[in-house]
There are 2 protein chains.
Amino acid sequence: MSKRAADNNARKRATTALPDSPPTLEMVAKEAGVSIATVSRIINGTAKVSADRKDAVEAAIAKLNFRPNAAARGLALGKSNTIGVITQAIDSPFYAEGLRGIEDYLQQRGYTALFMSGNWNEADEERCMSELLSRRVDGIIIFSGRLQDRQLATYAKQVPLVVSGRSLKAPNIFSLPVDDERGALLATRHLIELGHTRIAFIAGILDHPDASLRFKGYRRALADAGIAHDPKLVVPGDFHEEGGVEATMRLLKSGHKFTALFCVNDQTAYGACLALYRGGLNCPRDISVVGFDDLHSSSYRVPPLTSVRQSIRVLGESSGAAMLQMLQGERPDISLPQVELIVRESTAAPRKE
Amino acid sequence: MSKRAADNNARKRATTALPDSPPTLEMVAKEAGVSIATVSRIINGTAKVSADRKDAVEAAIAKLNFRPNAAARGLALGKSNTIGVITQAIDSPFYAEGLRGIEDYLQQRGYTALFMSGNWNEADEERCMSELLSRRVDGIIIFSGRLQDRQLATYAKQVPLVVSGRSLKAPNIFSLPVDDERGALLATRHLIELGHTRIAFIAGILDHPDASLRFKGYRRALADAGIAHDPKLVVPGDFHEEGGVEATMRLLKSGHKFTALFCVNDQTAYGACLALYRGGLNCPRDISVVGFDDLHSSSYRVPPLTSVRQSIRVLGESSGAAMLQMLQGERPDISLPQVELIVRESTAAPRKE
DNA sequence: ACACCGGATGTAAGCGCTTACAAATTACGG
DNA sequence: CCGTAATTTGTAAGCGCTTACATCCGGTGT
């Protein structure tokens, strides 16, 4: 609709004098007295061009303040130099750190990241996929989404996929699982070594894979130490602060004794600490608390939170790296650093009764 | 580069059998036995089309799993339905909340937000602008950037701008300033009303406008109450947790007595609380602390932080709304809710000596 | 029965860019 | 100084889409 576009610009120009339609290759070519092919070649360095013309063109570009139209280039090239990224919520501190890693990595390599939030539900996530596909992104990175493996495999037929924080084998998909079980094991074992035996666990959403793997690690640590697992000490949460508060309140009210609390993630731990505080309990004197993720702000909590580090930032960078490798046609050979326990001040030996 | 694009697709198909080149309008038209114009009209509802053809086309679309190519449409229409958003860091909890507001608002109205981080420096911010302009976004929202007013005014000639958290008058720019001074006044007055007279202030970066407005509010509250302002009690920070820690340490070491601490933002307050804890001081018993921004996690701190709320989320939504109004050619009539003080448990009356 | 009209379709141009291919220019060797 | 090869440059087609304009259709009025 050239006509409409032109009309539009004309109208705008007339009304507000503002968005002058941006310069095009053609204008630059005319200004510099060369053909548009030459201009294109100079911009992309696609071929040798005589020095004088080059100067003329560069001058014209500067004068007109020309910027190539990415849409047109994308159309001609059949690629957008854009990587779509789907998370659950852009404002979750957890995802935000990952996004940062992705953005940093991609931006330095000439790619742009396009972020979208799935809002913890499948329908929204599909909407995101659809939008990204429509924009013809070159690849999509999914941060532990809620889409079924089967659906992902289907999408992978249309675009390369990197799935972070999840294990999934399928053609055109690369997954970067986090060692949740080992992290949970480390955390729980740390509490056991401090002398705790009554260790409660605040889980995430029941059927969530991360949650169940962490639960598994928790149980294994207990078993390894010969401590009987008490189901009464396991309560569900929601991966958010609020869930941590509620779960802890429930635990406290239930009357089941415990001296330590392992939380499925840091946000849950934040909530737990608040609930303990409300209950007049001191962390770590009365109850030790361990989180998982080691969010940036965890080291600034009062007291600083002991947590399992799995640098989300690195996860993000690695996802970006894996995607770029896939785009080169290589099989990604990326691996994540091991999870590790960061001991701070929210854990201590249990109080002598 | 039709040739290259075609080659590319052909190659890919041959090698990996994966990214089959996506269906086009033309394919749909052929499949349905109509012209591409008809297909386009059905997709966009641009004109009346007989029912039987419509059914045929819809069937073809479903069968081929067709999704219009956004780049091609953008090129034809001369607009991208995309709004660029520049922040300092996507992983800062402050900006993340704003981004969420923008994303929510725009997405519901058929727009997509494209986020980029300026990393607190002008060069990166310019790079972002350049990239967004190249992508021909329909408008750009800037969250309290570091670009000079003059530069912004220049950019505004090419694209409509909304500048949040900052006051700036210029054609094609709409700014949404936050009432920093009043917020700081409220916070400081609250401390005074509790009985504090020795109130320290941890500032942000020296020349930052937000910081100086908040400083102004702080001084005004003191003046209103007839309390002399002691420059010794004002120390710089960096808007981050670390700056809060350091500033507080310095304050503590200086030996200048104070019973309350007003921090330029919540992150700084988090750091301050940690430093107090390290110094064996209890908040609020020994020292009261107030922040600014009321981040989501502030209500989950131990103790929950008293803070000035200026919902960033709403700021984001409002920015989106203003941008859409500008795009309609209207002058935005958006205004922000008043800042308000949220009193929690990090403030109390000063301890009797 | 015929010219005419309004609405549903189709045809084709153009959005800004890249690049295959042709044309024009330059540099050589004889 | 000319023919030919090696460059540099220009021309034009095509990427997938929208829409102005032409075409075609059945239905009216007379």
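Residue numbering restarts at 1 for every chain, and letters A, B, ... go by the order of the sequence lines.
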Does the side chain of [X] reach to within under 4.5 Å of the side chain of [Y], using non-hydrogen atoms?
X	Y	result
A/D149	A/R166	yes
B/I141	B/I83	yes
B/S92	B/T87	no
A/R313	A/L315	no
A/Y95	B/D91	no

Interatomic distance where [atom1] belongs to [X] and [atom2] belongs to [N] [whole Å]:
X	N	atom1	atom2	result
B/R67	D/dG16	CZ	P	16 Å
B/R73	C/dC17	CZ	C1'	20 Å
B/N69	C/dG16	CG	P	16 Å
B/E26	C/dT11	CD	P	12 Å
A/I36	C/dC17	CD1	P	8 Å
B/L25	D/dG14	CG	P	18 Å
B/K54	C/dT9	NZ	C1'	16 Å
A/R136	D/dG16	CZ	C1'	9 Å

Of the options [options], whose atoms approach the side-chain atoms of [X] most closely?
X	options	answer
B/L75	D/dG16, C/dT9, D/dT9	D/dG16
A/T46	C/dT19, C/dG10, D/dG10	C/dT19
A/A76	D/dC15, C/dG10, D/dT19	D/dC15

| said: Between the opening five pairs and the closing five pairs of the helix from C/dA1-D/dT30 to C/dG30-D/dC1, how far apart are the helix axes, to 10°? | reply: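 So the angle between the two local helix axes works out to 50°.
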Qualifying residues under side chain to side chain contact (heavy atoms under 4.5 Å, CB included), relative to [X], sequence neighbours excluded:
X	answer
B/Q107	A/R127
A/T82	A/S80, A/L114, A/V137, B/R135
B/E97	B/L295, B/H296, B/I312

| query | Any donor-acceptor pair under 3.5 Å joining the side chain of B/R41 to the base of C/dG10? | reply | yes
Which donor-acceptor pairs under 3.5 Å do the side chains of residues 54-75 of chain A make with protein atoms, sequence neighbours left out?
from  : atom 1 : to     : atom 2 : distance (Å)
A/K63 : NZ     : A/E31  : OE2    : 2.9
A/N65 : OD1    : A/R67  : NH2    : 3.4
A/N65 : OD1    : B/Q158 : NE2    : 3.4
A/R67 : NH1    : B/S130 : OG     : 2.9
A/N69 : OD1    : A/A71  : N      : 2.8
A/N69 : OD1    : A/A72  : N      : 3.1
A/R73 : NH2    : A/N44  : OD1    : 2.6

| said: Strictly under 4.0 angstrom, non-hydrogen atoms only: write out the protein contact profile of nucleotides 22-28 of chain D, one letter per nucleotide from the 5' end, B, S or -. | reply: -------
| field | B/T24 side-chain N/O to D/dC15 phosphate OP1/OP2 under 4.0 Å | value |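 No, outside the criterion.
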| said: Tell me if the CD atom of B/E26 is crowded by more than 12 foreign heavy atoms within 6.0 Å. | reply: no
| Closest nucleotide of DNA chain C for A/P68 versus for B/S35: which of these residues is on the 5' side? |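 Per heavy-atom nearest nucleotide, the more 5' residue is B/S35.
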| said: Regarding B/S40, tell me which of base, sugar-phosphate or nothing describes its non-hydrogen contacts under 4.0 Å with the strands shown. | reply: base
